[in-house]
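Accompanying notes for the structure given below.
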Amino acid sequence: ILPVSFRNSKSTVIFSFVELKIRAFDAAIVALYLAGMLVLGFISARRSSSAEHYFVGHRNFPGWLVGLSMLGSIVSSTTFLALPAAAYVLDWRQLTVNLMVPLVAVVAVVIFIPFFRRGRMTSAFEYLGQRFGMTARLYGTFGFLFLQLIRLAQVLFLMSLPMQFLTGASLEVVIVGAGIFVALYTIAGGMETVIWADAIQAVIKVMGGLLCLVCVVRGLPGGLSQVIEVGNAHGKFSLGSFDWDVHQRTFWTVAILGILNWLNIYSGEQTVVQRYISASSTR
């Protein structure tokens, strides 16, 4: 039973309940996908004959594949659950974070990607060691691992919420099970598995999101025009206030957050840098 909240004319939160059941066909598709990920991981593991292959896949991945894998690693359960919830409560101001991506991507193309590829490195922390010594390298490594643990906890928790409703399993079981499963095929196959799996997931996520949108629009009596009408009436398409106020989530504060966030990711986060250096060419 999934609680669904809405507000009446007096802004009172009311809860109704929608019963959700996972169908046998849905479960079969999910099982097939999970089995495919395991097969991919173990095929890559058998092909991995050196540290170079395990960590960077012999640096021969095509650009389109690396790009899709980067998208797949950024889009997560936060994208599908937390951001829509923020838009429901406020508006589209959180979208401003992602509107900053093209600006930072230009900086990455001009500066970051050529820089990391010139050194033939296998990690962002390798440069820290060469430039500042082992202490800086270890600090960067453990700092990255700590932040990834926090992000992983958030992503797994959000993912477990709908899975709990659909399967009836406890949150703990879903979180531990999903964590072990993902670790199993990614650790086994290395970078080759990660890039192919993330690329496949990127396609599934984007197509799934579009399909959800189509189903929602088709399920409304007024279709897309009703979405636009109701959204405009409640200010849901707004990017937030354009006033300068560092104490509020205005357009400008969220934009600054987006620039800093993406600069951090594109300039030194290992999950992205490792993809830079795994591509077959800088172009």
Side-chain angles (χ1 to χ4, degrees), residues 2 4-6 18 20-37 40 62-105 151 154-167 178 182 194-240 254 258 261-262 265 271-272 275:
L2 175 64
V4 179
S5 68
F6 61 93
V18 178
L20 297 177
K21 291 182 179 180
I22 187 167
R23 300 172 300 179
F25 179 76
D26 298 328
I29 293 297
V30 173
L32 182 64
Y33 163 78
L34 296 178
M37 291 295 102
L40 175 63
W64 64 266
L65 181 62
V66 174
L68 274 178
S69 74
M70 289 173 67
L71 175 63
S73 67
I74 291 172
V75 177
S76 67
S77 56
T78 304
T79 311
F80 282 91
L81 295 175
L83 295 184
Y88 172 78
V89 174
L90 294 172
D91 46 38
W92 274 3
R93 67 187 65 188
Q94 293 297 126
L95 177 64
T96 307
V97 172
N98 290 336
L99 294 180
M100 299 300 107
V101 172
L103 300 178
V104 179
R151 180 178 183 270
Q154 178 189 34
V155 170
L156 282 175
F157 174 71
L158 288 173
M159 177 278 303
S160 69
L161 294 178
M163 291 304 298
Q164 180 192 33
F165 288 124
L166 290 171
T167 63
V182 173
V194 170
I195 285 186
W196 276 105
D198 281 347
I200 293 170
Q201 290 165 12
V203 173
I204 293 174
K205 291 170 184 175
V206 172
M207 296 302 295
L210 292 175
L211 183 59
C212 288
L213 180 60
V214 170
C215 290
V216 168
V217 171
R218 290 187 62 185
L220 292 172
L224 183 61
S225 61
Q226 184 180 5
V227 174
I228 296 174
E229 178 184 353
V230 174
N232 281 329
H234 293 82
K236 291 302 176 182
F237 302 134
S238 169
L239 292 177
V254 178
N261 176 67
W262 293 112
I265 291 174
T271 55
V272 173
R275 286 169 170 81

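Just the heavy atoms: all of them, side chains too, but no hydrogens, waters or symmetry mates, feed the values below.
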>> Could you go through Leu158 and Gln154, starting from their C-alpha distance and side-chain angles, then the distance that decides it, and tell me whether this counts as side-chain contact (heavy atoms from CB on, under 4.5 Å)?
In response: CA-CA 6 Å; Leu158 288 173; Gln154 178 189 34; 4.2 Å; yes
>> Does Thr271 form a side-chain contact (heavy atoms from CB on, under 4.5 Å) with Ile265? I'd like the steps, not just the answer.
In response: CA-CA 8 Å; Thr271 55; Ile265 291 174; 5.6 Å; no
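- Proximity of Val214 to Arg218: side-chain heavy atoms (C-beta onward) are separated by under 4.5 Å at one or more points.
- The side-chain heavy atoms of Gln201 and Tyr33, taken from C-beta on, include a pair separated by under 4.5 Å.
- The minimum heavy-atom distance between Ala86 and Gln94, with the atom names listed, is CB-CG, 3.9 Å.
- Looking at Trp262 and Ile74, their side chains come closer than 4.5 Å, going by heavy atoms from C-beta outward.
- The CG atom of Leu83 lies 9.0 Å from the CG atom of Leu95; values are rounded to the nearest 0.5 Å.
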> Is there a side-chain contact (heavy atoms from CB on, under 4.5 Å) between Met37 and Ile200 once you walk through the steps?
Replying inline: CA-CA 10 Å; Met37 291 295 102; Ile200 293 170; 4.0 Å; yes
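- A donor-acceptor pair under 3.5 Å is absent between the side-chain atoms of Lys236 and the main chain of Val230, judged by distance alone.
- Within a 6.0 Å radius of CD in Gln226, other residues, nucleotides and ligands contribute more than 12 heavy atoms.
- Phe80 places a side-chain heavy atom less than 4.5 Å from the side chain of Lys205.
- Note that CE of Met159 and CD of Gln164 are 11.5 Å apart. Values are rounded to the nearest 0.5 Å.
- Side-chain contact between Ile195 and Leu68 is absent, with no heavy atoms from C-beta onward closer than 4.5 Å.
- To the nearest 0.5 Å, atoms CG (Asn261) and CG (Asn98) are separated by 8.5 Å.
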>> Assess the residue pair Val75 and Val206 against the criterion (side-chain contact (heavy atoms from CB on, under 4.5 Å)); give the C-alpha distance rounded to whole Å, side-chain angles, the decisive distance to 0.1 Å, and a yes or no.
In response: CA-CA 9 Å; Val75 177; Val206 172; 5.8 Å; no
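- The minimum heavy-atom distance linking Ser73 with Asp198 is given by the pair CB-OD2, 3.7 Å.
- Side-chain contact between Asp91 and Phe237 is absent, with no heavy-atom pair separated by less than 4.5 Å.
- With hydrogens and angles ignored, the 3.5 Å screen pairs no side-chain donor or acceptor of Ser238 with any backbone N or O of Gly235.
- Within the model, atoms CH2 of Trp92 and CG of Leu99 stand 10.0 Å from one another, a figure rounded to the nearest 0.5 Å.
- Here CG of Leu166 is found 11.0 Å from CZ of Arg23. Values are rounded to the nearest 0.5 Å.
- For Ser69 and Arg275, the side-chain atoms include at least one donor-acceptor pair closer than 3.5 Å.
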